[in-house]
Asker: 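Structure below; questions to follow.
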Amino acid sequence: QVQLVESGGGLVQAGGSLRLSCAAHGPTFRFYNIGWFRQAPMKEREFVAGRDWADGSTSYSDSVKGRYTISRDNARSIRYLQMNSLKPEDTAVYYCAAQKRVVPSRAAMDYEYWGQGTQVTVSS
């Protein structure tokens with residue numbers, strides 16, 4: 001069993017930065033791939049960034065590539081999403097999720113555990 005708790009959301013002006021944290025609880029969390037997703041009002045949940053637990057490789061959606069960075073602190077079982085150069089269209093509820101797959105997936109349905117979400121609002 002894995003429990004995830006996000007934090008770090010808030011209100012920021014366009015061009016600003018935020019760092020989201022995903023604190024994990026569970027004895028085998030380090031063996032899970034991590035994904036960050038977001039969901040804006042009236043839109044589907046979309047993949048933003050992911051990290052493979054085995055080799056540490058990362059992947060990003062085209063909309064955030066070059067602006068967002070996913071990282072980890074294994075000692076404290078925390079995963080981070082650093083978001084720079086934020087735009088109003090980045091406004092959404094952001095979720096971290098965990099999956100136990102050999103090949104990481106970007107599909108929300110493939111993630112087994114989810115956090116409660118944290119709101120990110122970017123003003124223009």
Asker: About how many Å separate OH of Tyr94 and SG of Cys22, when rounded to the nearest 0.5 Å?
Answerer: 15.0 Å

Asker: Minimum heavy-atom separation for Ala108 and Trp114, please, with both atom names.
Answerer: O-CZ2, 3.4 Å

Asker: How are the rings of Phe47 and Phe37 set to each other: parallel, tilted or perpendicular (split at 30° and 60°)?
Answerer: perpendicular

Asker: CD/Gln119 to CD/Gln39 distance, rounded to the nearest 0.5 angstrom?
Answerer: 11.0 Å

Asker: If only atom types and distance count, is the side chain of Asn33 paired as donor or acceptor with the main-chain N or O of Trp53 below 3.5 Å?
Answerer: yes

Asker: Would you say Trp36 and Arg51 make side-chain contact, with heavy atoms under 4.5 Å?
Answerer: no

Asker: Roughly how far, to the nearest 0.5 Å, is OH of Tyr111 from CD1 of Ile34?
Answerer: 8.0 Å

Asker: Mark yes or no for whether Thr91, through its side chain, and Val122, through its backbone, hold a donor-acceptor pair below 3.5 Å.
Answerer: yes

Asker: Closest heavy-atom contact between Ala92 and Ala40?
Answerer: CB-N, 3.8 Å

Asker: Side chains of Ile70 and Tyr60, heavy atoms from C-beta outward: is any pair under 4.5 Å?
Answerer: yes

Asker: In Å, rounded to the nearest 0.5 Å, how long is the span from CZ of Arg101 to CD of Glu112?
Answerer: 9.0 Å

Asker: Could you measure the distance from the OH atom of Tyr68 to the CE atom of Met83? Nearest 0.5 Å is fine.
Answerer: 5.0 Å

Asker: Let me check something: any side-chain donor-acceptor pairs from residues 3-17 under 3.5 Å, sequence neighbours excluded? List them with distances.
Answerer:
residue	atom	partner	partner atom	Å
Glu6	OE1	Gln116	N	2.9
Glu6	OE1	Gly117	N	2.8
Glu6	OE2	Cys96	N	2.8
Glu6	OE2	Gly117	N	3.4
Ser17	OG	Asn84	OD1	2.9

Asker: Could you pull out the closest heavy-atom pair between Gly115 and Tyr95, with the gap in Å?
Answerer: O-CD2, 3.6 Å

Asker: Should Leu18 and Ile78 be regarded as members of a common hydrophobic cluster, given that ILVMFWY residues are connected when their side-chain heavy atoms come within less than 4.5 Å of each other, either directly or indirectly?
Answerer: no

Asker: To check you understand the geometry: which heavy-atom pair defines the closest contact between Pro104 and Gln99, and what is its length?
Answerer: CA-OE1, 3.1 Å

Asker: In this structure, would Tyr80 and Tyr113 fall into the same cluster of hydrophobic residues linked by side-chain contacts under 4.5 Å?
Answerer: no

Asker: Where do Arg72 and Arg79 come nearest, in terms of heavy atoms and distance?
Answerer: CB-CD, 3.4 Å

Asker: Mind jotting down which residue pairs meet the salt bridge (charged side-chain N to carboxylate O under 4.0 Å, His left out) criterion with at least one end in residues 28-41? Sequence neighbours excluded, please.
Answerer: Arg38-Glu46, Arg38-Asp90

